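First the structure, in the form of structure tokens, and then the observations on it.
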Amino acid sequence: MCDICVMNAVKERMLSRRSFFKATAGAGAAAAIGATTTLPAMAGGHGSVEDLTHALHHDFPTWGGAPGFSMNQEYNFAEHGFNVFQLAIAEHTGTHIDAPLHFSADGLSVDEIPVGNLIAPLCVIDIAARAAEDADTTVTPDDLRAWIAANGDIPDNACVAMHSGWGAKVETDGFRNFDGEMQHYPGFHVEAAQMLMEETGASSIAVDTLSLDPGNSQDFATHYSWLPSGRFGIENVANLDRLPASGATIFIGAPKFRGGTGGPARILAMV
């Protein structure tokens with residue numbers, strides 16, 4: 001079938017269905033409201049959902065400074081009867097996954113991350129007060145020990161997330177915090193990553209900044225320690241300030257790019 005025939009067929013179908021959509025809109029809304037009331041039962045006691053994902057756009061900050069995302073509209077509704085955009089995305093842009101392959105010669109690619117690791121207990125390590133005074137601060141073993149003393153052992157398969165308060169800076173130059181020579185924002189100290197590997201069953205770490213390592217890192221020690229172990233990371237996580245230190249469950253919508261070193265992800269938490 002020719003392209004114009006397809007477009008005309010789509011328009012005709014849309015026109016014929018318009019009255020159907022209008023008639024059923026109210027019923028659909030009621031059904032959606034009813035569905036939300038079942039959430040606690042479906043989620044095993046969780047009562048709300050938080051979106052931990054920043055909206056991706058052309059000017060979203062990147063580690064290297066250059067834009068990592070663009071979208072070009074190839075079809076528009078006024079002319080064609082439907083909208084289609086062509087996307088160009090650097091793997092490590094926006095809220096995204098760092099797969100083991102990102103910092104290893106033969107680690108798991110993003111599509112090979114075990115699906116069981118993509119739903120995990122979430123442990124939030126809050127260093128926001130310290131980060132407000134020192135942009136180069138890090139999550140340390142002492143922070144992990146303090147969390148354990150207050151909340152109990154870090155669960156197996158956990159995602160351990162750093163809440164530094166940096167998510168609030170995402171639309172400003174302060175997020176990348178580049179001084180002309182290096183960037184300045186918190187991350188995981190390599191000794192904290194090593195403690196998690198040696199003393200816990202955590203399978204992922206997450207940060208609300210551009211890198212698992214602090215911005216002033218010159219050797220990416222945390223990346224080189226954590227990722228080659230078969231574990232993965234999540235960068236540029238949003239809204240960690242809305243979550244408790246323990247008790248939430250994270251759902252990691254990792255992309256399934258064959259052979260990918262990572263990619264933008266939709267991250268949700270049930271509380």
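Note that the numbering runs from 1 along the sequence shown for the chain. Here the structure is a predicted model, which is why all the values come from computation and not from measurement.
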Spell out, yes or no, whether [X] and [Y] are grouped together once hydrophobic residues are joined by side-chain heavy atoms under 4.5 Å, including indirect joins.
X      : Y      : value
Val124 : Val271 : yes
Leu212 : Leu210 : yes
Leu144 : Ile127 : yes
Trp226 : Ile125 : yes
Met197 : Ile113 : no

Ignoring hydrogens and angles, tell me if any N or O in the side chain of [X] forms a donor-acceptor pair with the backbone of [Y] under 3.5 Å.
X      : Y      : answer
Glu198 : Met195 : no
Asn177 : His184 : yes
Thr209 : Pro186 : yes
Ser211 : Gly215 : no
Asp136 : Pro214 : no
Arg176 : Thr62  : yes
His102 : Asp98  : no
Thr53  : Ile267 : yes
Gln86  : Met71  : no
Asp59  : Pro67  : no

Passes side-chain contact (heavy atoms from CB on, under 4.5 Å), Ser225 versus Gln194? Steps please. CA-CA 7 Å; Ser225 178; Gln194 291 167 342; 3.6 Å; yes

Please check if atom [atom1] in [X] has more than 12 non-hydrogen atoms from other residues, nucleotides or ligands closer than 6.0 Å.
X      : atom1 : result
Asp179 : CG    : yes
Asp173 : CG    : no
Glu74  : CD    : yes
Asp51  : CG    : yes

Might you work through the side-chain contact (heavy atoms from CB on, under 4.5 Å) test for Leu243 and Leu52, ending with a clear yes or no? CA-CA 10 Å; Leu243 302 180; Leu52 306 188; 3.8 Å; yes

Answer whether the closest heavy-atom distance between the side chains of [X] and [Y] falls below 4.5 Å.
X      : Y      : answer
Ser204 : Asn117 : no
Thr222 : Ile205 : yes
Ile97  : Pro255 : yes
Thr249 : Leu122 : no

Between [X] and [Y], does any side-chain donor sit less than 3.5 Å from a side-chain acceptor?
X      : Y      : result
Asn216 : Gln183 : no
Arg231 : Ser203 : no
Ser217 : His223 : no
Thr95  : Asn236 : no

Distance check, rounded to the nearest 0.5 Å: [X] atom [atom1] versus [Y] atom [atom2]?
X      : Y      : atom1 : atom2 : answer
Lys256 : Glu112 : NZ    : CD    : 10.5 Å
Ser104 : Leu227 : OG    : CG    : 7.0 Å
His58  : Phe69  : NE2   : CZ    : 10.0 Å
Arg242 : Glu50  : CZ    : CD    : 5.5 Å
Leu108 : Phe232 : CG    : CZ    : 10.5 Å

Applying the side chain to side chain contact (heavy atoms under 4.5 Å, CB included) test to Arg145, which of Asp142, Ile148, Asp143 qualifies? Asp142

Using the side chain to side chain contact (heavy atoms under 4.5 Å, CB included) definition, which of the options Thr140, Leu196, Thr138 pairs with Phe188? Leu196

Output, in order, the C-alpha distance, side-chain angles, deciding distance and verdict of side-chain contact (heavy atoms from CB on, under 4.5 Å) for Trp147 and Cys123. CA-CA 9 Å; Trp147 189 97; Cys123 307; 3.5 Å; yes

Do the ring planes of Phe82 and His80 sit parallel (below 30°), tilted (30 to 60°) or perpendicular (above 60°)? tilted

Going by the angle between their ring planes, with limits at 30° and 60°, are Phe220 and Phe103 parallel, tilted or perpendicular? tilted

Check: Phe60 ring centroid to His54 ring centroid under 6.0 Å: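 Yes: the rings meet the under 6.0 Å criterion.
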
Tell me if the centroids of the rings in Trp63 and Phe175 come within less than 6.0 Å of each other.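 Not under 6.0 Å, so no.
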
To check you understand the geometry: which heavy-atom pair defines the closest contact between Gly165 and Asp208, and what is its length? N-OD2, 3.1 Å

The test is side-chain contact (heavy atoms from CB on, under 4.5 Å); show your working for Ser109 and Phe257 and say whether it passes. CA-CA 8 Å; Ser109 58; Phe257 306 141; over 6 Å; no

